[in-house]
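Single-structure report; data block below.
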Amino acid sequence: DTEVTQTPKHLVMGMTNKKSLKCEQHMGHRAMYWYKQKAKKPPELMFVYSYEKLSINESVPSRFSPECPNSSLLNLHLHALQPEDSALYLCASSQPGLYTGELFFGEGSRLTVL
Amino acid sequence: GQQLNQSPQSMFIQEGEDVSMNCTSSSIFNTWLWYKQDPGEGPVLLIALYKAGELTSNGRLTAQFGITRKDSFLNISASIPSDVGIYFCAGQIKGTNFGNEKLTFGTGTRLTIIP
């Protein structure tokens with residue numbers, strides 16, 4: 001069982017819809033991440049939150065809007081997406097210090113944009 | 001940006017065979033990690049390596065951090081059906097601020113076991 005929980009597992013939305021992906025962890029990790037993964041490709045970093053503050057934005061289009069309400073929760077708000085945004089969206093968390101590369105991933109939210 | 005070249009891209013083996021895959025980079029990394037991803041799941045950490053030359057085992061898995069810090073390999077001994085999946089290497093450069101240290105993922109090796 002993963003200790004990072006993502007909801008929903010599957011999401012289908014139209015290009016004019018507004019939706020959100022949610023992620024929760026209870027491991028006390030203070031870094032949380034959003035990755036995007038296309039089929040047969042490695043995960044690509046989108047955003048990093050460190051101590052609830054946005055520390056990395058990998059030049060992600062503004063139609064993706066991250067939010068970290070507290071140390072356990074991470075949201076990704078979606079608006080006016082394009083079909084090419086269809087992908088598996090992965091949330092991950094890690095501890096501070098030496099082990100920041102040791103990411104704990106959720107199972108992902110598979111997004112389809114029609 | 002940094003690129004991690006992983007080889008082979010795919011492997012077709014019989015159960016019981018040993019597996020070897022590697023990852024090379026043009027850049028130096030401070031940390032090398034190996035993850036496995038099953039279909040419909042997120043990646044799961046297998047092994048983390050923190051020192052050049054380090055050799056670490058996790059059950060049937062063995063990984064090494066190359067002396068030059070530009071490469072790493074992963075070996076799986078006596079493969080079993082649950083080893084099927086995609087294996088990703090990942091490298092990280094340690095920064096001065098926690099939260100600004102990105103992982104770079106390799107291109108992946110897809111392992112298939114032939115009945």
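The figures that follow rest on heavy atoms only: side chains count, while hydrogens, waters and symmetry mates do not. Chain naming here is simple, since letters A, B, ... match the order of the sequence lines and numbering starts at 1 in each. Being a predicted model, the structure only gives us computed values, none of them experimental.
Neither B/F73 nor B/I47 shares a network with the other; the hydrophobic side chains, linked directly or stepwise wherever heavy atoms of I, L, V, M, F, W or Y lie under 4.5 Å apart, form separate groups for each. Both A/V60 and A/L54 are part of a single hydrophobic cluster, where members link through side-chain heavy atoms under 4.5 Å apart.
What you find for B/A48 and A/E102 is that their closest heavy atoms are CB-OE2, 3.7 Å. A pairwise comparison of heavy atoms in B/G106 and A/P42 identifies O-CB, 3.2 Å as the closest pair. The two residues B/F105 and A/P43 have their closest heavy-atom pair at CD1-O, 3.9 Å. The two atoms that bring A/L90 and B/G42 nearest to each other are CD2-CA, 3.7 Å, heavy atoms only.
Only the side chain of B/Q37 comes within contact range of chain A, with heavy atoms under 4.5 Å apart. With a 4.5 angstrom heavy-atom cutoff, A/Q37 touches chain B only via side-chain atoms. Contact of A/E58 with chain B is made through the side chain alone, with heavy-atom distances under 4.5 Å. With a threshold of 4.5 angstrom between heavy atoms, B/I86 does not approach chain A through any atom at all.
Once rounded to the nearest 0.5 Å, the distance linking OG of A/S55 with NZ of B/K102 reads 10.0 Å. Rounding to the nearest 0.5 Å places OH of B/Y35 at 5.5 Å from CZ of A/F105.
Within a 6.0 Å radius of CE in A/M15, other residues, nucleotides and ligands contribute 12 heavy atoms or fewer. More than 12 heavy atoms of other residues, nucleotides or ligands sit less than 6.0 Å from atom NZ of A/K38. Counting heavy-atom neighbours within 6.0 Å of B/Q9 CD, excluding the residue itself, gives a total of 12 or less.
Residues A/L103 and B/L45 form no side-chain contact, since every pair of their non-hydrogen atoms from C-beta on lies 4.5 Å or further apart.
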message: As a quick check of understanding, evaluate side chain to side chain contact (heavy atoms under 4.5 Å, CB included) for A/L88 and B/E41, giving each step before the final call.
response: CA-CA 10 Å; A/L88 182 68; B/E41 309 269 335; over 6 Å; no
